[in-house]
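Heads up, the thing below is written out as structure tokens.
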Amino acid sequence: MSYFSDIINGTKSLLTGMRITGKYFFVNFLTRRDVITEQYPDNLETLKMFDRYRGEVTMYHNENNEHRCDACTLCEKACPNGSIEIVSDKKLNPETQRNVRYIVKHIYHLEMCTMCGLCIEACPQDAIQWGQNFHHVQYDRGKLTKVLNKPGSTIMSKTKEKK
Amino acid sequence: MEEYLTSKLKTQEYFLNMGPQHPATHGVLRLLLKLDGEIVQNIEMDLGYIHRSIEKMCERDTYKQIIHLTDRLDYLSSHMNNEAVCLLVENALNIEITDRIKVIRTMMSELSRIASHVLWWGVMGMDTGALTSFMYGFREREMINDIFEETCGARLTMNYNVIGGVRYDLQENFVKRVKDFIVHFKKKLPEYDKLLSNNIIFQKRLEGIGYISKEDAIAYGLNGPTARGSGVSCDVRKIHPYSAYDRVDFEEILFTEGDSYARYRVRIREMWESLSILEQLVDKIPDGEHRVKTKAVIKLPVGDYLQRVESARGDFGVYVKSDGQKFPYRLKFRSPGFANLTALNKMTKGLKIADLVAILSTIDVVVPDIDR
């Protein structure tokens, strides 16, 4: 006897659940309410990530192609994975007659980066900051290694605007 | 007929590999099943497919750098894992943190607990053959992920807690978003019950399946919702209150049945409790600093330190042995999933393969947490 009552109760509880799924299927489909699906590759123009989104490490350059990095290597030391390598050199500053360190290459290995944010926190000059780009797919792993300072860029003088 | 089958037709025992690439094992977990027909006689677990030697990596990292590695253990409760390391260092160095930090941490932990349980609920339905719940669970989880993404900067590996506070202050939208979520989720949770919990077919799949008694649960060292389904009181938030858990009013959910359905109901009720904690805190976030200044190089005094927190899966512990350097001499994570998984053999013996999948789902394993 319990066999049949089980079937009846099971069908009843199934119908209760199907009322919910049916409601979502018909009502929401017709009224377009509560539709949360994003048409991902087609909405790239309107898709905006949040300001704090950690996509990649970038270096801030102003319109004169100047950055704020003075090659102190604090970001390199703060990184737990060795994702940052700094190649620096010294040159003579004609005004002060002193040797000043400058970056030749600020190499960023995106393939090793875990987006922990310790380098950006460690930077005393706010030279590096987060970028919101998340399209990192490449066919070659080597292409993920980037040089952050743009070619021909120089360090901006300390008196200029900060961020 | 049945007599004839058992006497004349001899079944042969055989071994079957389940995993490491099986969707029901929630990651790369390999189970060696000893089967008689469809009946599971013994399970041997083979771990090591996602071993990244995180504990060893912690020994070469400073205390600030360790925190981001704990995101990668139990990735569904990364806030709690971060918090464990931060609390350990703060307690060891007697760093006083403000009430605002405590409340923010508690709210984030409860949000990730809900996110984790919602995901579990979806996967639970899928493991027992209902695909709809998976989609519905992800719908609610998306709201929490947006909150995390806006305030912490990432959806899963937040790395939001730092030693002496939290990385950023709350976004201005945070309170509004959390309130919206509470209103939304209070409507959806009864729907979950109608859809899955009260379904007779679903109940028959779980009731009486995967039974483990209270004594066995203690003997196996089970923790979290898995143990609370057997009536073992083990909520770290109640036993050793940390952060703001001593100032909120919540209930430790206990069920005494000890079967899969009890474990299922523990988690559903825990989502209600987490919601009530969020409701109590969301209007009372105190003002103050979100980050206390600490030394640039953090060195722990010589000695042993232990910190426990309640992650979404249970009692997560960090044990550090320090020799006074800026790196820990030895660090050990006590993960809740490993202890829970050991009881799988006891729970499943004599049941069918389909039951094994359901039981594995109610234990709620996250393999990167088990296999570090």
Side-chain angles (χ1 to χ4, degrees), chain A residues 2-25 28 33-38 40 47-57 74-83 112-122 124 129-132 134, chain B residues 57-58 60-62 64-72 82 125 130-133 135-136 138-140 142-143 145-160 162 167-169 171 173 184 187-188 190-204 291 296-297:
Chain A
S2 76
Y3 179 75
F4 291 107
S5 64
D6 271 0
I7 291 177
I8 292 165
N9 286 336
T11 319
K12 260 187 202 167
S13 62
L14 259 185
L15 286 175
T16 323
M18 280 172 80
R19 225 168 73 191
I20 294 167
T21 48
K23 195 189 97 196
Y24 279 113
F25 184 68
N28 290 12
R33 218 159 24 88
D34 294 346
V35 177
I36 55 156
T37 318
E38 287 187 27
Y40 164 61
L47 183 68
K48 194 182 172 301
M49 305 306 288
F50 293 111
D51 293 339
R52 286 180 185 174
Y53 180 70
R54 305 202 296 264
E56 60 177 346
V57 176
L74 278 178
C75 53
E76 194 179 356
K77 280 170 194 144
C79 183
N81 320 304
S83 317
M112 288 197 270
C113 182
T114 51
M115 314 290 167
C116 67
L118 288 172
C119 53
I120 285 163
E121 228 167 67
Q129 57 195 31
W130 284 117
Q132 273 73 44
F134 58 92
Chain B
M57 278 158 80
C58 289
R60 58 131 224 234
D61 283 353
T62 62
K64 279 182 184 175
Q65 291 172 339
I66 287 171
I67 299 167
H68 90 283
L69 286 173
T70 58
D71 283 340
R72 274 96 186 152
N82 290 171
L131 194 72
T132 318
S133 66
M135 298 296 166
Y136 286 14
F138 267 68
R139 180 186 59 195
E140 269 73 64
E142 192 59 33
M143 290 184 82
N145 275 351
D146 275 350
I147 296 173
F148 285 154
E149 198 178 350
E150 196 176 28
T151 295
C152 318
R155 293 159 63 84
L156 213 57
T157 51
M158 272 78 79
N159 193 20
Y160 184 54
V162 291
R167 190 173 295 269
Y168 312 109
D169 207 353
Q171 270 274 0
N173 279 342
H184 176 85
K187 276 186 225 152
K188 299 296 175 192
E191 237 172 49
Y192 287 11
D193 283 344
K194 278 187 202 162
L195 199 64
L196 206 60
S197 318
N198 296 341
N199 192 315
I200 308 283
I201 303 162
F202 182 71
Q203 285 177 11
K204 295 252 164 181
R291 194 168 180 179
V297 179

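Numbered from 1 within each chain, the chains take letters A, B, ... in sequence-line order.
Nearest approach of B/R72 to A/T114, heavy atoms of both residues: NH2-O, 2.9 Å. Of all heavy-atom pairs between B/K194 and A/I20, the closest is CB-CD1, 3.5 Å. Residues A/P80 and B/H68 share a closest heavy-atom pair of CG-CE1, 3.3 Å.
Going from atom OG of A/S13 over to atom CG of B/L195 covers 10.5 Å, rounded to the nearest 0.5 Å. In this structure, the separation between CG on B/D193 and OG1 on A/T16 is 12.0 Å, given to the nearest 0.5 Å.
Residues A/E121 and B/R167 are paired through a salt bridge, judged by an N-O separation under 4.0 Å between the basic side chain and the carboxylate.
In this structure, B/R155 forms no cation-pi arrangement with A/Y53, as its terminal cationic atom is not both closer than 6.0 Å to the ring centre and no more than 45° off the ring axis.
Both the backbone and the side chain of B/T151 come within contact range of chain A, each with at least one heavy atom under 4.5 Å from a heavy atom of that chain. For chain A, the nearby part of B/Y136 is the side chain; its heavy atoms alone come within less than 4.5 Å. For A/M49, the part lying near chain B is the side chain, with the backbone staying farther off; criterion is any non-hydrogen pair under 4.5 Å. Looking at A/K77, the atoms closer than 4.5 Å to chain B (heavy atoms on both sides) all sit in the backbone: N, CA, C or O. Of the two parts of B/M158, only the backbone, made up of N, CA, C and O, holds a non-hydrogen atom closer than 4.5 Å to a non-hydrogen atom of chain A. Using a 4.5 Å cut-off between heavy atoms, B/E142 does not touch chain A at all. When heavy atoms are compared at a cutoff of 4.5 Å, A/A122 does not approach chain B at all. With a 4.5 angstrom heavy-atom cutoff, B/N199 touches chain A via backbone and side-chain atoms both. For chain A, no part of B/D71 is nearby; none of its heavy atoms comes within less than 4.5 Å.
With a 4.5 Å cut-off on side-chain heavy atoms, A/M115 and B/N159 do not count as touching. Side chains of B/M135 and A/Y24 form no contact here, defined as non-hydrogen atoms less than 4.5 Å apart. Residues B/I200 and A/K12 fail the side-chain proximity criterion, which asks for heavy atoms closer than 4.5 Å.
Residues satisfying the salt bridge (Lys or Arg N to Asp or Glu O under 4.0 Å) test with A/K48, not counting sequence neighbours, are A/D51. For the ring-ring contact (aromatic ring centres under 6.0 Å, His included) test, no residue two or more places apart in sequence or in another chain qualifies with A/F25.
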